[in-house]
Amino acid sequence: MIKLFAIDMDGTLLNSESKINPATIKAINDLNKAGIKTVLTSGRVMSSIRFANKTLGVDNPMIANNGALIKLDSKKTLSEHPLEEDHIKELIKFCDEHKFIYHFYDEDTFYSNRLDEDRLKHLKISSDYGLNYQCNISITEDPYKDLKEKGKPAYKILIGCLNSHPYGEEKAVDIIKKAFLDKLYVTSSGPGAIEIMEPNVNKWEGIKILSDHLGIKNNEIAAIGDSYNDLPMVENAHLGFAMGNGNEDIKKVATYVVADNNLDGIKEASDIILKYNKDNPSV
């Protein structure tokens, strides 16, 4: 019986307009009513995941920054694994040397030394008044100094806009991997960007920390995603789902390939899970 369903956000929960389809909201609520805890599991900043949970009408556990920060609900932190001080300083120095555009997150703030609204589109709120983004935004000459003055840790750094870098994306990715792949966890949630966390920080490790706390076994976990940072959880979950818009690598390791994020792939996965539980009740 499946008791926990880990759900990626971009390209999975969210459609191509970064919205949640009504059928997806209903499917997730049906799963929770059936006793299956849905857990948003994303590379995003925690406040953005909290915003999505509010849209869904739940206050369930959340896994942010690809597993670096885990909350049991909107207030209670279960686990955190931020970038070590030496690592974040080394990463920023590296980005400055190569003129890579980067940003990093604490729990609720986007830090960068360059304002690029395209990098913030996924965090935009359709609001006519007040804060118009799902997190705070800090653009300063020295974002690391700003982070330290606030006494905050950084959980993930994203090096982006690689497809427009003078190196070209392929060479840029090779340079980043050569510098950090042997000592940090390097992944991607989409083209043109590389995400870096501490070693052994990934979505599956985050799910295991949460499921152990909740007393849920590995064979009671399902997961769904579309990109490289979803591979660990989709490959290791008892039922792994790849979105129809997902890359070929994730489709190869998935138990099922469902419809794309505009055609209610989560609804399809939900139906499969509910039927699976009907056919495989807990003993």
Side-chain angles (χ1 to χ4, degrees), residues 2-16 18-46 48-67 69-74 122 134 189-190 202-211 214 216 218 220-246 250-251 253-274 276-277:
I2 299 300
K3 297 181 180 179
L4 185 154
F5 186 27
I7 303 169
D8 169 55
M9 285 182 60
D10 292 286
T12 304
L13 176 76
L14 305 174
N15 62 26
S16 57
S18 292
K19 306 293 183 183
I20 307 176
N21 292 342
T24 297
I25 295 175
K26 184 179 185 305
I28 286 176
N29 278 282
D30 287 346
L31 288 170
N32 281 287
K33 288 175 184 175
I36 301 160
K37 192 174 291 292
T38 58
V39 179
L40 299 186
T41 308
S42 177
R44 286 191 178 216
V45 60
M46 181 61 76
S48 179
I49 304 176
R50 191 182 294 116
F51 180 86
N53 260 352
K54 187 176 180 180
T55 302
L56 294 169
V58 300
D59 192 15
N60 284 4
M62 300 168 284
I63 298 174
N65 301 128
N66 294 319
L69 179 59
I70 304 167
K71 283 189 171 285
L72 291 172
D73 54 34
S74 58
H122 66 293
Q134 297 166 22
S189 59
N202 61 58
K203 290 188 177 186
W204 178 245
E205 292 300 321
I207 290 166
K208 286 201 299 181
I209 290 169
L210 176 63
S211 61
L214 297 175
I216 294 174
N218 286 4
E220 297 172 329
I221 298 171
I224 186 167
D226 72 304
S227 198
Y228 297 106
N229 62 333
D230 302 314
L231 275 168
M233 69 175 186
V234 171
E235 184 173 20
N236 286 288
H238 187 66
L239 295 182
F241 297 90
M243 297 295 290
N245 53 289
I250 201 160
K251 290 177 180 178
V253 303
T255 318
Y256 300 95
V257 177
V258 295
D260 68 32
N261 58 329
N262 292 318
L263 295 173
D264 302 319
I266 286 182
K267 170 66 167 61
E268 187 178 339
S270 169
D271 290 342
I272 292 170
I273 291 171
L274 291 171
Y276 178 88
N277 280 4

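What's counted below: heavy atoms across the whole structure, side chains too, no hydrogens, waters or symmetry copies. The chain is numbered in sequence order, starting from 1. If you're wondering where the values come from, they're calculated on a predicted model, not measured in any experiment.
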Side chains of Glu220 and Leu4, heavy atoms from C-beta outward: is any pair under 4.5 Å?
no
May I ask you to check whether Asn229 and Asn66 show a side-chain donor-acceptor distance below 3.5 Å?
yes
Check: Lys203 side chain, Pro232 main-chain N or O, donor-acceptor pair, under 3.5 Å
no
Stepwise, does the side-chain contact (heavy atoms from CB on, under 4.5 Å) test hold for Tyr276 with His238?
CA-CA 11 Å; Tyr276 178 88; His238 187 66; 2.8 Å; yes
When you compare the side chain of Ile216 with that of Lys3, does any pair of heavy atoms fall below 4.5 Å?
yes
Give a yes-or-no answer on whether the side chains of Asn262 and Asn15 include a donor-acceptor pair shorter than 3.5 Å.
no
Kindly give the heavy-atom pair with the smallest separation between Ser227 and Gly190, and that separation in Å.
OG-N, 3.7 Å
For Lys267, check salt bridge (charged side-chain N to carboxylate O under 4.0 Å, His left out) against everything at least two apart and list the hits.
Asp271
Side-chain contact test, heavy atoms from C-beta onward, threshold under 4.5 Å: evaluate it for Leu31 versus Leu274 and give yes or no.
yes
From Ile70 CD1 over to Thr41 OG1, what is the distance, rounded to the nearest 0.5 angstrom?
9.0 Å
Distance, nearest 0.5 Å, that separates CG of Asn65 from CG of Asn202
13.0 Å
Give me the atom names and distance for the closest heavy-atom approach of Met9 to Ala52.
CE-CB, 3.7 Å
Side chain to side chain donor-acceptor pair (under 3.5 Å) partners for Arg50, two or more places apart
Glu107
Value for CG (Asp8) from OG (Ser42), rounded to nearest 0.5 Å, stands at 6.0 Å
Evaluate side-chain contact (heavy atoms from CB on, under 4.5 Å) for Trp204 paired with Ile209, printing each intermediate quantity in order.
CA-CA 9 Å; Trp204 178 245; Ile209 290 169; over 6 Å; no
Worked verdict on Asn261 versus Thr12 for side-chain contact (heavy atoms from CB on, under 4.5 Å)
CA-CA 5 Å; Asn261 58 329; Thr12 304; 5.8 Å; no
Nearest non-hydrogen partners of Gly11 and Asn245, listed with the distance
O-ND2, 2.9 Å
Is any side-chain heavy atom of Thr24 closer than 4.5 Å to one of Ile28?
yes
Once you round to the nearest 0.5 Å, how far does NZ of Lys208 lie from CG of Asn218?
7.0 Å
Which atoms form the tightest heavy-atom contact between Ser270 and Ala27, and what is the distance?
OG-O, 3.7 Å
Side chains of Ile250 and Asp226: does their closest heavy-atom pair fall under 4.5 Å?
no
Between CG of Asp230 and CD of Glu235, what distance do you get to the nearest 0.5 Å?
12.0 Å
Does the side chain of Ile2 reach to within under 4.5 Å of the side chain of Leu239, using non-hydrogen atoms?
yes
Of all the heavy-atom pairs spanning Leu14 and Arg44, show the shortest one and how long it is.
CD1-NH2, 3.3 Å
Please lay out, stage by stage, how Asn32 and Thr38 fare under the test side chain to side chain donor-acceptor pair (under 3.5 Å).
CA-CA 7 Å; Asn32 281 287; Thr38 58; 2.9 Å; yes
State, to 0.1 Å, how close Ile273 and Ala222 come at their nearest heavy-atom pair, and which atoms those are.
CD1-CB, 3.9 Å
Interatomic distance, Leu210 atom CG to Glu205 atom CD [nearest 0.5 angstrom]
13.0 Å
Below 30° counts as parallel, above 60° as perpendicular, anything between as tilted: where do the rings of Phe241 and Phe5 land?
perpendicular
State whether the number of non-hydrogen atoms from other residues, nucleotides or ligands found under 6.0 Å of Lys26 atom NZ is greater than 12.
no
Are side-chain heavy atoms of Val39 and Asn60 found at a separation under 4.5 Å?
no
Hey, mind stepping through Val58 and Asn29 against side-chain contact (heavy atoms from CB on, under 4.5 Å) and telling me if it holds?
CA-CA 8 Å; Val58 300; Asn29 278 282; 4.3 Å; yes
Hey, does Ile224 have a side-chain heavy atom less than 4.5 Å from the side chain of Val234?
no
